[in-house]
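Atoms considered below: every heavy atom in the structure, side chains included; atoms not considered: hydrogens, waters and symmetry mates. The model shown is predicted, which means the values in this text are computed figures rather than measured ones.
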Amino acid sequence: MYAESNIKMSLSADENIKPGKTFNVILNISDSGNLGAVHAWFIYDSTKLKLKSCVIEGKTSEEYLKYNDAEGEINLIYMIKNRPSKEAIIKFRFEPYKSEETTYKFSSGFFEAVNFKQEKSVCTSVPNLTISVSQSGSAITQKSSNNPESQNKTPQSQNDPENNSKNKKQTSIGSSSSKNTSNTNENDEYSEKEKNLTKEQNSNDTVIHEFDVTSHESKTDSSVILTLIGFVIIVIISVIVTKVTVNKLRKKYME
C-alpha cells in the first residue's frame, strides 16, 4: 500500500559566504499530509567546520527538536503536535576552522517518518549541497536525487538523539593526517563517509510505528505549581503574624 503523504527535503545556505566567516545551512522538510514526526540525518565535514547550533527556525511551543552530533554525522528527530504544519525549517550554524578558500559539502537523508495522523510517510528525494568559498564570495550547487533504498530504514547503530551510543561509526574523516591530503582525497573520504551511513540505514528495516511519536507530551508547568506553593506560604505567614499582633494588642489592652 502506498503512503498517504510524501516527505520532501531540500538544502540551502546563506549567500555571499566569505572564508573564515560563520554561515548557515538550512534543511527544509515538508510533508504533503502535514508533518508529524521525522527521523533524519545530516552530514558535514567536521575537519573543516564546527557546528555552533542546530535550531528550528521560527520555533513555536508546538515543535520539538532533538539531535546528536557524532563527528560530523548529525542524527535528528523533529516533531510537531496539536498544530498541523506542512513545513519545518531547521538551521545549522557553522564556524570554519580556517580562513581559506575551500569547498564545503553537505548531505541529508531520511530514516523514517509519520504524518500528523501518525500514518507512515515516505521520502521521495534526498538533498546534497556544495558551497565553494572564495574571497570574492561563494557559489552554491544544490542537488536532489531519488533514493528509494533509504526510505523507512532505521540505523543499525543506535547512535540516535534519544540514546547516545558509545559505538561511534568508523570513518576515514577526523584524523589529523587527513587535513594534509589533497582535495581529491578529501572528496573521496567524504563520499565514503556517506556510503557508510547509507549502508547502516539500509541494513535494518523496522516497522514505522515503532517510532516514538508520543514522547513529546504536554507537561505540567512547574512555574505554576511553585507560584501556588509560594502563595500558600505567604497566606500562612500572614495568618501567623496577624495572630501574634492581635495577642499583643489584647495583652496590652488588658494591662
If you define the side chain from C-beta out and look only at heavy atoms, does anything of Asn128 sit under 4.5 Å from Lys105?
no
Is the shortest side-chain heavy-atom distance between Ile29 and Ile7 below 4.5 Å?
yes
Could you pull out all residues at least two apart from Ser85 that satisfy side chain to side chain donor-acceptor pair (under 3.5 Å)?
none
With sequence neighbours excluded, residues passing ring pair (Phe, Tyr, Trp, His ring centres under 6.0 Å) with Phe116
none
Approximate separation, where rounding is to 0.5 Å, of Leu65 CG and Cys54 SG
5.0 Å
Could I get the full list of salt bridge (Lys or Arg N to Asp or Glu O under 4.0 Å) partners for Lys21, not counting sequence neighbours?
none
Side chain to side chain contact (heavy atoms under 4.5 Å, CB included) against Ile233, all qualifying residues, sequence neighbours excluded:
Ile229, Ile237
Can you tell if the side chain of Phe111 reaches within under 4.5 Å of the side chain of Val38, non-hydrogen atoms only?
no
By side chain to side chain contact (heavy atoms under 4.5 Å, CB included) - contacts of Ser136 (at least two apart)
Ser134
Those residues that, when tested against Glu100, pass salt bridge (Lys or Arg N to Asp or Glu O under 4.0 Å) (two or more places apart)
none
List the residues meeting side chain to side chain donor-acceptor pair (under 3.5 Å) with Lys18, not counting sequence neighbours, and say none if there are none.
none
Among side-chain atoms of Ser121 and Asp31, is any donor-acceptor pair under 3.5 angstrom?
yes
So, do Tyr104 and Tyr44 have ring centers that fall under 6.0 Å from each other?
no
Mind checking whether Ile77 and Tyr67 have side chains closer than 4.5 Å, heavy atoms only?
no
Glu101 (side chain) donor-acceptor with Gln135 (main chain) under 3.5 angstrom
yes
Counting only N and O atoms by type, is there a donor-acceptor contact under 3.5 Å from the side chain of Lys117 to the main-chain atoms of Asn34?
no
Mind checking salt bridge (Lys or Arg N to Asp or Glu O under 4.0 Å) for Glu87 and listing every partner two or more places apart, or none if nothing turns up?
none
Partner set under side chain to side chain donor-acceptor pair (under 3.5 Å) for Asn24, not counting sequence neighbours:
Asp14, Arg93
Any Lys/Arg nitrogen of Lys91 or Glu57 sitting under 4.0 Å from an Asp/Glu carboxylate oxygen of the other?
yes
Side chains of Phe106 and Leu49, heavy atoms from C-beta outward: is any pair under 4.5 Å?
yes
Inspect the surroundings of NZ in Lys86 and state if more than 12 heavy atoms from other residues, nucleotides or ligands are less than 6.0 Å away.
yes
Can you tell me if Ser138 uses its side chain to pair, donor with acceptor, with the backbone of Ile17 under 3.5 Å?
yes
Using the test side chain to side chain contact (heavy atoms under 4.5 Å, CB included), find all partners of Thr141 that sit at least two apart in sequence or belong to another chain.
Thr130, Lys143
Using every non-hydrogen atom in the two residues, find where Asn75 and Ala40 come nearest and quote the distance to one decimal.
OD1-O, 3.6 Å
Those residues at least two apart in sequence (or on a different chain) that pass salt bridge (Lys or Arg N to Asp or Glu O under 4.0 Å) with Lys59 are none
Charged N to carboxylate O under 4.0 angstrom, Glu95 versus Lys52?
yes
Taken in chain and number order and not counting sequence neighbours, the residues that satisfy side chain to side chain contact (heavy atoms under 4.5 Å, CB included) with Val246 are Thr242, Arg250
